[in-house]
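One-based numbering along the sequence shown.
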Amino acid sequence: MKKILPIIFFLIANSVLSQTVSIRVVQANYSATDPDGAGPATGSLTIQFELMATGGPIAADGMGLSFIYQSSLLMATPTNTTTPQGPVASGAGWSQMVDNRTGTDVSVTYGGRTFDRRMIVTFNQTAGLDNISIPNTFTAVAQVTYWTLGVTPPEGGYITPEPGAAVPQNSLSAGGGLTSYDFLSPNLNSPLALGSSIVPVLFTKFDAGCSNNGAMISWSTGSEFNSNYFEVQRSINGNDWKQVGTIKAAGNSSTGRTYQQLDLNGSIAYYRIKQVDIDGHSIYTSIIRTNCQHKNIDIVIYPVPARDLLNVVIRSDKSLKTQLILVDGLGKIVRQINANIFNGTNTFLFNLKGLASGEYILRSNNPNDELNKKFNIVR
């Protein structure tokens with residue numbers, strides 16, 4: 001027994017050390033209206049705390065949340081405006097323990113910005129056994145509303161959370177208070193601008209190209225904040241717009257993302273994208289034009305490059321029976337499906353799971369059908 005106990009303890013300790021928790025702060029909304037009409041406030045905004053556990057979900061029973069800000073541009077509200085979100089709001093027996101809206105004086109610099117005030121708020125599980133779970137994706141746990149003092153962007157100045165190593169209260173409590181996880185701050189040296197300077201979605205690419213009998217609309221974002229969905233719109237005259245389709249947005253993302261929407265009725269038309277926030281606000285991209293010509297029979301595949309699934313759309317002015325064959329780079333048939341093609345638009349789905357990365361060809365077993373497409377699988 002004496003030889004087994006130290007090994008068990010090491011495994012437990014090593015499991016705990018493999019867990020990390022990150023914290024970030026985002027802006028949930030902003031209003032340029034003085035909240036009480038009496039000044040000196042120029043508007044109001046709500047910031048949102050988000051947590052993420054790495055190494056697996058963590059069952060929490062307490063948390064301390066903090067950020068530093070510039071008091072010359074951001075002021076506390078007369079009454080407490082902190083509200084729990086997500087798992088903290090739905091967890092049994094959770095309540096706010098510390099209301100520190102006015103903050104404490106500090107003098108620190110991160111990312112070239114100087115901060116003079118630190119705000120800390122804590123939540124604890126005061127009753128019950130149902131600890132909340134912090135998942136492995138950034139999840140909202142609390143919001144706090146402040147008033148802005150600036151008249152030009154960023155009206156609320158800048159904020160950033162500090163790591164738990166700098167602020168001991170900036171941590172997550174678990175295991176009945178026996179375990180503590182200091183927060184990491186991935187955006188510590190990239191302070192967040194508060195106010196109207198926040199761009200909900202940064203578009204880095206917008207393109208509408210011809211894809212045989214349709215138009216393939218594609219766009220990329222460099223970052224997204226509070227984004228809900230994208231609506232692709234088409235117009236024949238550039239004035240009257242109709243919805244082509246909607247695609248769910250990332251919500252909050254600091255990494256590049258790419259989206260695609262196939263318009264089977266695309267020909268000579270104009271396109272734009274309407275981006276809608278979670279709070280209902282929206283923005284539009286610029287307008288681009290396509291001039292796509294129709295063929296008697298052709299094939300459209302997406303997404304390209306592909307991963308696990310490949311959509312195959314065939315538009316034809318006649319009916320025929322064929323086999324759709326997927327061939328790898330060595331000429332070996334790796335997938336095939338029977339395809340009954342009718343006059344109009346036909347949609348098929350290839351399961352690509354288990355296939356290695358590389359170049360493939362999708363074709364018909366009848367060369368007269370002129371159905372032939374190259375594409376890549378990327379994993």
Side-chain angles (χ1 to χ4, degrees), residues 205-220 229-236 242-249 257-271 273 288-379:
K205 175 186 175 183
F206 176 37
D207 182 53
C210 299
S211 182
N212 294 324
N213 269 358
M216 181 64 76
I217 317 303
S218 60
W219 64 99
S220 299
Y229 64 90
F230 300 98
E231 180 180 297
V232 178
Q233 298 180 344
R234 179 185 66 244
S235 173
I236 302 301
K242 292 184 178 180
Q243 177 182 315
V244 174
T246 60
I247 292 182
K248 184 67 177 176
R257 291 175 178 267
T258 299
Y259 301 87
Q260 288 182 320
Q261 173 68 53
L262 177 65
D263 181 12
L264 298 174
N265 296 312
S267 54
I268 300 175
Y270 298 90
Y271 290 92
I273 297 175
I288 56 179
R289 187 174 183 268
T290 60
N291 186 8
C292 301
Q293 302 299 320
H294 295 292
K295 298 179 182 179
N296 290 333
I297 181 170
D298 53 21
I299 182 172
V300 177
I301 60 175
Y302 69 98
V304 286
R307 185 172 180 176
D308 293 328
L309 295 174
L310 181 71
N311 295 280
V312 180
V313 180
I314 298 175
R315 299 190 69 179
S316 175
D317 62 358
K318 60 183 179 181
S319 298
L320 59 104
K321 291 184 178 181
T322 187
Q323 277 191 329
L324 296 179
I325 299 172
L326 197 61
V327 181
D328 65 14
L330 300 176
K332 178 183 177 181
I333 297 177
V334 294
R335 294 282 194 278
Q336 63 183 35
I337 59 175
N338 294 323
N340 292 323
I341 299 174
F342 301 97
N343 184 5
T345 300
N346 305 262
T347 302
F348 306 92
L349 185 65
F350 265 95
N351 186 342
L352 306 179
K353 292 181 179 179
L355 298 181
S357 298
E359 185 177 84
Y360 292 78
I361 298 175
L362 176 66
R363 62 178 175 82
S364 168
N365 67 339
N366 184 350
N368 295 325
D369 293 339
E370 298 181 351
L371 299 176
N372 196 309
K373 282 286 185 180
K374 287 185 178 181
F375 70 100
N376 289 312
I377 294 178
V378 176
R379 302 201 179 283

From Asp207 atom CG to Thr290 atom OG1, the distance as rounded to the nearest 0.5 Å: 10.0 Å
Quick one: salt bridge (charged side-chain N to carboxylate O under 4.0 Å, His left out) partners of Arg379, sequence neighbours excluded? Asp308
Please tell me if the side chains of Asp263 and Val232 come closer than 4.5 Å, counting only heavy atoms from C-beta onward. no
Excluding sequence neighbours, so at least two apart, what forms side chain to side chain contact (heavy atoms under 4.5 Å, CB included) with Leu330? Asp328
I want to check something: taking the side chain as every heavy atom from C-beta on, are Leu262 and Val300 in contact at a cut-off of under 4.5 Å? yes
Using 0.5 Å steps for rounding, measure from the CD1 atom of Ile377 to the CD atom of Glu359. 11.0 Å
Just so I know, are the side chains of Phe350 and Ile301 near enough to count as touching, which here means a heavy-atom distance under 4.5 Å? no
Side-chain donor/acceptor of Asn311 to backbone N/O of Tyr302, under 3.5 Å: yes
Mind checking what makes ring-ring contact (aromatic ring centres under 6.0 Å, His included) contact with Tyr259, not counting sequence neighbours? Trp219, Phe230
Take Asn376 and Val304 through the side-chain contact (heavy atoms from CB on, under 4.5 Å) test and state the conclusion after the steps. CA-CA 7 Å; Asn376 289 312; Val304 286; over 6 Å; no
Would you give me the side-chain donor-acceptor pairs under 3.5 Å for residues 334-344, sequence neighbours excluded?
unit_1 : atom_1 : unit_2 : atom_2 : d
Arg335 : NE     : Asn351 : O      : 3.0
Arg335 : NH2    : Lys353 : O      : 2.6
Asn338 : OD1    : Gln323 : NE2    : 3.0

Can you name the salt bridge (charged side-chain N to carboxylate O under 4.0 Å, His left out) partners of Arg363, sequence neighbours left out? none
Take Phe348 and Leu310 through the side-chain contact (heavy atoms from CB on, under 4.5 Å) test and state the conclusion after the steps. CA-CA 8 Å; Phe348 306 92; Leu310 181 71; over 6 Å; no
Give, for atom CD1 of Ile217 and atom CD of Gln261, the distance between the pair rounded to the nearest 0.5 Å. 8.0 Å
Any idea which heavy atoms bring Ser364 and Thr322 closest together, and the distance? OG-OG1, 2.5 Å
Can you sort out the partners of Thr258 under side chain to side chain contact (heavy atoms under 4.5 Å, CB included), two or more places apart, ordered by chain and number? Ser220
When you compare the side chain of Phe375 with that of Leu352, does any pair of heavy atoms fall below 4.5 Å? yes
Rounded distance (nearest 0.5 Å) linking atom OH of Tyr229 with atom NZ of Lys248: 9.5 Å
